[in-house]
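These notes are about the structure you will find just below.
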Amino acid sequence: MERSETPKTPRHRLYVLLGIVAAVLACYLGVMFNLQVVHGEDYLRRSVSQIVRSTTVEAARGEITDRNGNLIVGNRQTYTLTFDASLLPDGVDENEAILRLVDLCIEGGVAYTDNVPLSQNAPFSYIETSSTAETQFGYYLNGYLETPGLYGRLEKALDNRREALETAAETGTAPKKSSPYLDALLEDPDLDVENMTPAQLMLAMRWDFDIAEDVSDADARKIAAVRCELSAKNAIAFTYILADDVNIDLITRIKDGDYYGADIGTAFTREYETTAAAHILGYVGPITREEYEARQGQGYSLNATVGKTGVEAAFEEYLHGTSGTRLSNTNDEGKVTSELYTVEPQPGNTVELTLDLPFQEAVETLLNDKVDELNRQDGLTERGAAAVVIDIESRDILAIASAPTYDLSNFNKNYNEYAADPANPLWNRATMGLYAPGSTLKPLTAIAALQEGKTTRTEVLNDTGKWVYPGYSNSYTYCWKRSGHGRVNVTSAITNSCNYYFAEMGYRLGMDTLRKYLSAFGLGEQTGIETGDAAGTLPENPPGQDQAPWAAYGQSNQLYTPIQLANYIATLVSGGEFRSPHLLKTVRTYDNSAVVYSADEEEPVQALDIDPQNLDAVLRGMLGYTQPGGQVHAYFQNCVVTAGAKTGTAQLGGDSENNGVFVCFAPYEDPEIAVAIVIEKGGSGAALAETAVNILNAYFTEEETVTPATGENALLG
C-alpha cells in the first residue's frame, strides 16, 4: 500500500508573510511613538481642549404686564461678546488684542462696556457716569475685600521706587529702569493718589496696564476701559462681557478675523413695549458681589442681571430666573460639535402690575403736555410735575406719573444726558418729591375738628377776612379773600377754601391732635408702596410757638409726596380705612400654569371710625368745589362724572411761583378713584383742575375728552 504525503509550504512564502507582519507592526509602533512621545504633549493638549466645557446659561427674566395682561416689559435674546485673556495664544499681546477688538466694535457701531469716568480724548476730564458704572470702577480703584485696587498697587509701587532711588543714591549706583509713567507720577509734587487729576489717573492706568509709550492717548483710553473692567471682574470673580446685543455682522467678522481672546455667548436683554412708567418700572444691571453674596443659593450666577430700581428691584424674587448649565464638546478648532443641558434654565415669573397701561400712557401725556404748555408760557425749563391715580377700594395704583420722564430703552446710552438735565428727569417726583399740601389739607382738618368735637356740622363762623390768634394781636393770617366769606360752616368753608375757618379749627385742635390725624391718614410716613417712597415731614411747633392754625390749612413746614396725598384722599373717601397703595396684582409662572401670588384685598392697616354724617358734610364741601359757584366749576362742567375736589397752593416764599396741588375723587355718588396732582410752580391751581378733568375723562370714557381752557383769573384757594 502506497503512502501519500502533504505538500510542504515553501519557506520563502513564510518569510514574506512574517516580513509583512513585522512591517505593519513597525509602522504601528512608529505611529504610536509619534503620537505618544514625539507629539504626545501636543495631542494631549488638543484632547484636553476637546473635553466638555461647562457653561452657565442665564435664564430669561420674567415679563411684566399691566392689570389687563398688556405686555409692558419683555425680553429679547441677544449675543454677547466676552473677552478672556486666558484664551490668548502665546506671543499675543493682551493690550494689542484688546485695542483691535475695541476698534472693531467702534467700527461696527457696537457700544462696549466702558465705566471709566474720563472723557475719550486728551486733555482728559472727569465725566459723570451711572451709579452702576461708578460701583464697577470703584472695584478697580479700591479693590474688593483683600484684593488691592489701583490705589493700593500704586502706593506700594511708589514707595518701592522711592526706596530704590534712595538706595541707589546711598550706594552710588545707577537705579534700575522703571516705568516712565511711574516716574512721572513720583516726580509730580501735587500727586494725591486717592484724589488724582484726570491726567494723573491716565498715567496711573498706563503704568498699571503696561501700555506702550507709542500708543496714543485715545487708544490708551480704550485699552484702559477694558483692562479696568478685567481687573475689577477678576477681583470679584466675574466674567467680563465686553459688549451686549452684538449683531451678526460683528460676530461674522470676529469669527473670520482671528480676534484672539474674543468669545460669543447668548443673553437676554429687556425689551420695552412702552416709554411710559419709566420711574416705576426701573432698570436692571449686572449683579454686584454684595448682591451675589446676599442671594447665595437662590439660583444666581456671577453674570446674572438683577433689578436695580423700581419694579425690577422690588419684585426681583419673582422676576429672576434660575440659571442652567450647558455642556459643550468642541473640536481642536474651537467649533462646537455637540451640546447637552444638564440643568435647564428656568425663566422668571410673569409679574402683573396694578397699572392700566393705556391709562398710564394717557396720564403721562396729559401731564407732560401741561408742563410743556406752562413752560412755553413763562419761559421755564426746569418745571416738574407728578400725578397719581389710586383705586379707592383696593388701593391698586392705576397710574403714577412723573414729569419730565425718560426712555428706559436708551437709559444706558443717554444716561449722562439725563443726569445733566437741570429738570432732573431721573427723579421720581410721584414717590420722592416732597411738597407742601396747601389747602388740599382742609378736608382732613375738617374731619379732625368734627371727630374731636371742636366744632359741629351746623356751627357757623363769621369770616371777616383776617383771623387773629386769641390774645396776640400781632399774630394773624388773612383769608385768600381779604373781604372775608362771611358766615360759613364746615361744608361751605371747604367749598370756599376759607383760611379763616381752618385757622380757627387748627387753634382749637392744637398741634398734637392735628398731627395724630395727619398720621392716621398716612401723611408724614412711608405709604408702603413696594418700590419705596419718601416719608415726608409733619408740622411741628418751634419752641414757644403754636403753628397749628397755619398747619391746619397746609402751611407751616409740612411736606408730603403726591402718592401720600392720593392715598390720604382714598382713606378719607373710604370712611377712614387706611391701606397701603400697591403695584403688585398677581404673579404667575412663566407658562401661566400656576399662580404664585395674588394681592387679595387686605384688611385695613388702621381704620378711623369716622361718623358718616361728619364724612358726608366734608365730602359735600368738596363736591361744592366742582359745582356751580364752586372754585373749579368752569373746568368740571365738562367732566363726564360728578367729582369732589380741592385745590392747594404750596407757598414757596420770596419771588418764587407757588407750587400747585390738586386732589379729587370720582364718581361722587360711588367713589372709585382718588387723584393727586402736583405741578411745580404751577400757581394757584387752575392748570391742575384742567388736567384733573382730562385724567378723569380718560379713565371713565374710552375716547379722550378735551376740556376747553379757562382764563387763569379764577380764584382758587
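Reckoned from all heavy atoms, side chains included, excluding hydrogens, waters and symmetry mates. None of these values were measured; they are calculated from a predicted model.
Across all their heavy atoms, Thr305 and Arg61 have their closest contact at O-NH1, 3.4 Å. Closest non-hydrogen pair, Val363 versus Ala399, comes out as CG2-CB, 3.9 Å. In this structure, Leu281 and Ala276 approach most closely via the heavy-atom pair CD1-O, 3.8 Å. Considering all non-hydrogen atoms of both residues, Asn115 and Glu229 come closest at ND2-OE2, 2.9 Å. Considering every non-hydrogen atom in both Ala224 and Val116, the closest pair reads O-CG2, 4.3 Å. Considering every non-hydrogen atom in both Leu71 and Glu273, the closest pair reads O-CB, 3.4 Å.
Classification of Glu352 and Arg588 as a salt-bridged pair holds, one side-chain N sitting under 4.0 Å from a carboxylate O. Salt bridge Lys156/Asp159: absent, no basic N to carboxylate O contact under 4.0 Å. Salt-bridge annotation for Arg206 and Glu213: absent, with no side-chain N of the basic residue lying under 4.0 Å from a carboxylate O of the acidic one. Taking a cutoff of 4.0 Å between a charged side-chain nitrogen and a carboxylate oxygen, Glu317 and Arg295 do not qualify as a salt bridge. With respect to the salt-bridge test (charged N to carboxylate O, under 4.0 angstrom), the residues Asp103 and Lys222 qualify. Note on Asp245 versus Arg76: salt bridge recorded, some NZ/NE/NH1/NH2 to OD/OE distance being below 4.0 Å.
A donor-acceptor pair under 3.5 Å is absent between the side-chain atoms of Arg383 and the main chain of Ala403, judged by distance alone. Remark: the backbone N or O of Leu141 is not paired with any side-chain donor or acceptor of Arg153 at under 3.5 angstrom. Of the possible donor and acceptor atoms, one in the side chain of Thr113 sits under 3.5 Å from a partner among the backbone N and O of Leu242. Checked by atom type and distance alone, the side chain of Lys308 pairs as donor or acceptor with a backbone atom of Pro286 at under 3.5 Å. The main-chain N or O of Gly138 is found under 3.5 Å from a side-chain atom of Asn142 such that the two form a donor-acceptor pair. Looking at Asn247, its side chain does come within 3.5 Å of a backbone N or O of Leu250 through a donor-acceptor pair. A donor-acceptor distance shorter than 3.5 angstrom exists from the side chain of Ser402 to the backbone of Trp427, with no hydrogens or angles considered. Glu312 places no side-chain N or O within donor-acceptor distance of the main-chain N or O of Tyr283, the cut-off being under 3.5 Å. Thr354 places no side-chain N or O within donor-acceptor distance of the main-chain N or O of Leu584, the cut-off being under 3.5 Å. Using a distance-only test at 3.5 Å, with no hydrogens or angles considered, a donor-acceptor pair links the side chain of His279 to the main chain of Pro425.
Within the 4.5 Å cutoff, the side chain of Ile127 has no heavy atoms near those of the Leu118 side chain. Residues Tyr300 and Thr322 fail the side-chain proximity criterion, which asks for heavy atoms closer than 4.5 Å. By the 4.5 Å heavy-atom criterion applied to side chains, Thr350 and Val587 are not counted as neighbours. Side-chain contact between Thr431 and Val388: absent, with no pair of heavy atoms (C-beta onward) separated by less than 4.5 Å. Between Arg162 and Leu186, some side-chain heavy-atom pair lies under the 4.5 Å cut-off. A heavy-atom distance below 4.5 Å is not found between the side chains of Gln200 and Val193. Counting only heavy atoms from C-beta outward, the side chains of Pro404 and Val371 never approach each other to under 4.5 Å. The shortest distance between side-chain heavy atoms of Asn75 and Thr269 does not fall below 4.5 Å.
Taking the ring-ring contact (aromatic ring centres under 6.0 Å, His included) definition, one finds that Tyr418 meets it with Tyr406, sequence neighbours left out.
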Stepwise side chain to side chain contact (heavy atoms under 4.5 Å, CB included) check, Thr274 with Ile72: CA-CA 6 Å; Thr274 179; Ile72 300 177; 3.9 Å; yes

Audit row: Thr80, Thr266, side chain to side chain contact (heavy atoms under 4.5 Å, CB included) steps and yes/no: CA-CA 6 Å; Thr80 60; Thr266 59; over 6 Å; no

Residues Leu353, Phe315; criterion side chain to side chain contact (heavy atoms under 4.5 Å, CB included); working and verdict: CA-CA 10 Å; Leu353 301 181; Phe315 306 134; 3.9 Å; yes

Asp533 vs Thr527, side-chain hydrogen bond (donor to acceptor under 3.5 Å, both in side chains): CA-CA, chis, key distance, verdict: CA-CA 7 Å; Asp533 58 345; Thr527 64; 2.8 Å; yes

Candidate pair Phe83 and Asp263, rule side chain to side chain contact (heavy atoms under 4.5 Å, CB included), full reasoning: CA-CA 6 Å; Phe83 181 84; Asp263 193 17; over 6 Å; no

Check against salt bridge (charged side-chain N to carboxylate O under 4.0 Å, His left out), Lys585 and Asp66: CA-CA 9 Å; Lys585 189 170 181 63; Asp66 79 344; over 6 Å; no

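Note: Arg161 CZ to Ser179 OG = 9.0 Å, rounded to the nearest 0.5 Å. Summarising the geometry, atom CG belonging to Leu583 is positioned 5.5 Å from atom CD1 belonging to Ile280; distances are rounded to the nearest 0.5 Å. If you take CG on Asp188 and CG on Leu158, they are separated by 10.5 Å, rounding to the nearest 0.5 Å. With values rounded to the nearest 0.5 angstrom, Asn416 atom CG is found 13.0 Å from Lys413 atom NZ. Note that the OG1 atom of Thr129 and the CG atom of Asn412 stand 11.5 Å from one another [nearest 0.5 Å]. Rounded to the nearest 0.5 Å, atoms CZ (Arg67) and CG (Leu357) are 12.0 Å apart.
Side-chain atoms of Thr589 and Asn349 include no donor-acceptor pair closer than 3.5 Å. Donor-acceptor pairing under 3.5 Å is lacking for the side chains of Asn121 and Arg221.
Under the 30°/60° scheme for interplanar angles, the aromatic rings of Tyr415 and Phe411 are found to stand perpendicular.
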Tell me which donor-acceptor pairs under 3.5 Å the side chains of residues 91-102 have, and how far apart each pair is, sequence neighbours excluded?
unit_1 : atom_1 : unit_2 : atom_2 : d
Asp93  : OD2    : Asn95  : N      : 3.1
Asp93  : OD2    : Glu96  : N      : 2.9
Asn95  : OD1    : Arg227 : NH1    : 2.6
Asn95  : ND2    : Phe209 : O      : 3.0
Asn95  : ND2    : Asp210 : O      : 3.3
Arg100 : NH1    : Gly257 : O      : 3.4
Arg100 : NH1    : Asp258 : O      : 3.2
Arg100 : NH2    : Gly257 : O      : 3.0

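Counting heavy atoms of neighbouring residues, nucleotides and ligands inside a 6.0 Å radius, atom CD of Glu134 does not exceed 12 of them. Within a 6.0 Å radius of CD in Gln296, more than 12 heavy atoms belonging to other residues, nucleotides or ligands are found.
Listed by first and then second residue, the ring-ring contact (aromatic ring centres under 6.0 Å, His included) pairs that reach into residues 248-277 come to none, sequence neighbours excluded.
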